[in-house]
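Heads up: the structure comes next, in structure tokens.
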Amino acid sequence: LHKFSCVSRMPWCHNGVRFLSQVGQHHGPLTLASLGYKSEFEPTNKNKSNKPKKHSPPIEIPKAKVKAVRSDGIKAAGVKKSLEIESAPFAANSFLELGLPPLLLERLEREGFNVPTEVQSAAIPSILKNHDVVIQSYTGSGKTLAYLLPILSKVGPLKDKSSNGNGESGKKTDIEAVIVAPSRELGMQIVREIEKLLGPSDKKAVQQLVGGANRSRQEEALRKNKPAIVVGTPGRIAEISAAGKLHTHGCRFLVLDEIDELLSFNFREAMHRIVEHVGRRSGANPREPKSALAMRAERQTIMVSATVPFSVIRAARSWGHDPLLVQAKNVIPLESMPATGPGNLSGPMSGSSSNSNLQAKQADQSLPPALKHYYCVTKLQHKVDTLRRCVHALDAQTVIAFMNNTRQLKDAVFKLEARGMKAAELHGDLGKLARSTTLKKFKNGEVRVLVTNELSARGLDVAECDLVVNLDLPTDSIHYAHRAGRTGRLGRRGTVVSICEEPEVFVVKKMQKQLAVPIQACEFTEGRLVIGKEEEKTLEAVR
Ligand SMILES: Nc1ncnc2c1ncn2[C@@H]1O[C@H](COP(=O)(O)OP(=O)(O)OP(=O)(O)O)[C@@H](O)[C@H]1O
């Protein structure tokens, strides 16, 4: 129980504390295994030390009135270790209690998913009860399984054989679930998550329809395999649907993952086609107003994101039927939420004053509570060197660095490589193969620093990522939240460092206020991350 005693001492770890008390009450004796944790004392790997990790205390440098901290846990460079889950976002109940069918429960156990996360615990029953939902909880909290599990309970080879749903599904050739994601990488990640649960013999029940891949091969696979579920990017799904090769009129589920991104101008036409056609019976005029009953007999709409600006609330009301807002600790009718704010909502708190509490609360819920945030002021020409010193100071092994401009991004990779740090670029100008090869190398530890742009800010799940660096500042706090969320996934340790020039500090301060998290000024000196003491005092107010 060493880990829990650590967890309960951490002031930010309210989830962990709540979790402990509930499990104690309802589930008898508390063991790490019963909670899905691997004990640090279990000899899982011969090479690993069985000793609990030491948390090195902050190092005081009184002369300069500064405090230095160093990332612990990951040691020798090049040796990849998985990051322990420190602040558990898990719920107190089991998957069994959520009403999932036996075959799916078996697969979950086989894949090592033992305890649902809080948002899964809230979303699964709501979706199983046929509600349209908007799922909102912080990055890395398990939103993907929160919608995949109830869908797999009702469609495809793992479904509950005793219930045939509402009997409304269409012809056998019809797709039963369409999942839309804004990038190829995220689309493929969702496909892999489904394939993992389906297993090798059933994996043809899901088909990817992402852009950049061979379209005729995708169409051929649709015809031959008759998948129950398709996952893809908006453009490719709309294209194949318009060509008459994707039969979705009888579709039961439409999932819009990263919904606020899917609402952006770039996807407008494709999204319009998808929303109008998926789950709409042929012959019906999509513009004709429908009764609530007629709407219900059609598809169930599920929208998902860590950030839910007003535009999403408005879209959910117009595309869904009495939708619910599902958060980790709340399930409320979306009707009870304000849907108006300024037209150009740029950040979670930029609503009118009457809505600001609500928006602030949501902003608070978009970032993993265990993340640590810093910023470091430097000159433009020293940014890459500062990044390198930051990586060394924190001893980070799996780093995502965000930039806004592709040419500068390539320069940064060149400079890092020239200084002996293994780096690679990932952006939309690269072909599909180059993108997936780079991502694979990053995930298996061959690349230490992935220099990328907004393409990787959404949904990308690399559990080992221990540091996110903003080499260019994000455009607003919503983009900050999604970039930051690439680290500290599922309660793991994570650090976010924004490297900026002096005139940009006000932008960092603004994001700190909007996101209601402390972003501390720091420097990298003598291989250490150093925080000013004065800065610490002012940040107490933010906390
Ligand atoms: N109940 C669970 N037990 C253990 N691991 C889980 C569980 N649920 C999800 N995970 C894992 O947690 C990681 C994060 O999940 P996921 O990608 O769904 O997060 P997310 O909330 O969608 O994040 P983002 O907002 O960044 O898209 C994934 O690797 C996933 O496999």
query = What are the two closest non-hydrogen atoms of Leu473 and Arg483, and how far apart are they?
reply = C-NH1, 3.8 Å
request  = Look up atom CE in Met511 and atom CG in Asp476, then write down how far apart they are to the nearest 0.5 Å.
outcome  = 8.5 Å
ask   = How long is the span from the CD1 atom in Ile499 to the CG atom in Asp472, to the nearest 0.5 Å?
value = 10.0 Å
key: Ionic contact status for Asp429 with Lys410, cut-off 4.0 Å   = no
inquiry  = Surrounding CD of Glu109 (heavy atoms of other residues, nucleotides or ligands, distance under 6.0 Å), is the total greater than 12?
reply    = no
Shortest non-hydrogen separation from Pro234 to Pro182 and the atoms involved = CD-CA, 4.4 Å
query = Considering all heavy atoms of both residues, which atom of Ala146 and which atom of Val119 are nearest to each other, and what is their separation?
reply = CB-O, 4.3 Å
ask   = Between Glu219 and Arg223, is the closest basic N to carboxylate O distance under 4.0 Å?
value = no
ask   = If you measure from CG on Leu98 to CG on Leu104, what distance do you get to the nearest 0.5 Å?
value = 10.5 Å
query = With distance as the sole test, does Thr438 use its side chain to make a donor-acceptor pair with the main-chain N or O of Ala434 at under 3.5 Å?
reply = yes
key: Between CG on residue Leu439 and CG on residue Leu460, distance to nearest 0.5 Å   = 5.5 Å
request  = Would you sort out whether His373 and Tyr480 count as a side-chain contact (heavy atoms from CB on, under 4.5 Å), showing the intermediate values?
outcome  = CA-CA 11 Å; His373 304 262; Tyr480 182 95; 2.8 Å; yes
note = In terms of heavy-atom contacts, His479 and Pro474 come closest through CB-CB, 3.8 Å
inquiry  = If I compare all heavy atoms of Val447 with all of Phe442, which pair ends up nearest, and what's the gap?
reply    = O-CD1, 3.5 Å
request  = Report yes if some heavy atom in the side chain of Thr301 is under 4.5 Å from a heavy atom in the side chain of Val278; otherwise report no.
outcome  = no
Side-chain touch Asp461/Arg489, heavy atoms, less than 4.5 angstrom = yes
ask   = Which of these, Arg236, His247, Arg273, His277, sits in a side chain to side chain donor-acceptor pair (under 3.5 Å) with Ser241?
value = Arg273
task = Please examine the side chains of Lys224 and Glu220, heavy atoms only from C-beta on, and report whether any two atoms are closer than 4.5 Å.
result = yes
task = Walk me through it: do Thr307 and Asp260 pass the test side-chain hydrogen bond (donor to acceptor under 3.5 Å, both in side chains)?
result = CA-CA 7 Å; Thr307 47; Asp260 48 337; 2.6 Å; yes
query = Would Glu185 and Arg435 pass as an ion pair if we require N to O under 4.0 Å?
reply = yes
ask   = In terms of side-chain geometry, is the basic nitrogen of Lys154 or Asp160 positioned less than 4.0 Å from the acidic oxygen of its partner?
value = no
Check: Arg448 main-chain N/O paired with Gln397 side-chain donor or acceptor under 3.5 Å = no
query = Is a side-chain N or O of Asp466 found less than 3.5 angstrom from the main chain of Thr495, in a donor-acceptor match?
reply = no
message = Once rounded to the nearest 0.5 Å, what's the spacing between atom NE2 of His427 and atom CG of Leu450?
response = 10.0 Å
request  = Please check if the side chain of Thr117 supplies one atom and the backbone of Ser141 the other of a donor-acceptor pair under 3.5 Å.
outcome  = yes
task = For Glu269, look at atom CD and say whether over 12 heavy atoms of other residues, nucleotides or ligands are found less than 6.0 Å away.
result = no
query = For Arg268, does the CZ atom have more than 12 heavy-atom neighbours from other residues, nucleotides or ligands under 6.0 Å away?
reply = no
query = Within the distance-only criterion (no hydrogens, no angle test), does the side chain of Ser183 pair as donor or acceptor with the backbone N or O of Leu186 below 3.5 angstrom?
reply = yes
message = Show me the pairs that pass side-chain hydrogen bond (donor to acceptor under 3.5 Å, both in side chains) and involve residues 195-212, at least two apart or across chains.
response = Gln208-Gln218
inquiry  = How long is the straight-line distance from OG of Ser153 back to CG of Leu103, given to the nearest 0.5 Å?
reply    = 10.5 Å
message = Would the distance check show the side chain of Ser336 and the main-chain N or O of Ile332 forming a donor-acceptor pair, the cut-off being under 3.5 Å?
response = no
message = With a 4.5 Å cut-off on side-chain heavy atoms, are Leu455 and Leu426 touching?
response = yes
inquiry  = Less than 4.5 Å apart, side chain to side chain, heavy atoms only: is that true for Gln300 and Ile127?
reply    = yes
ask   = With Thr248, which residues qualify under side-chain hydrogen bond (donor to acceptor under 3.5 Å, both in side chains), at least two apart?
value = none
request  = Please check if the side chain of Arg317 supplies one atom and the backbone of Leu334 the other of a donor-acceptor pair under 3.5 Å.
outcome  = yes
request  = Without swapping roles, check the side chain of Lys143 against the backbone of Ser137 for a donor-acceptor pair under 3.5 Å.
outcome  = yes
query = Could Arg492 and Glu464 be called an ion pair, given the rule that one side-chain N must be under 4.0 Å from one carboxylate O?
reply = no
key: Polar side-chain atom of Arg107 near backbone of Leu197 as donor-acceptor pair, under 3.5 Å   = yes
message = Between Lys329 and Glu118, is the salt bridge (charged side-chain N to carboxylate O under 4.0 Å, His left out) condition met? List the steps.
response = CA-CA 7 Å; Lys329 294 181 172 75; Glu118 288 183 327; 3.2 Å; yes
Min side-chain heavy-atom separation Val231-Leu209 under 4.5 Å = no
note = Minimal heavy-atom distance between Ala484 and Leu371, with the atoms involved, is O-CD1, 3.6 Å
query = Where the side chain of Asp132 meets the backbone of His321, is there a donor-acceptor pair that is under 3.5 Å apart?
reply = yes
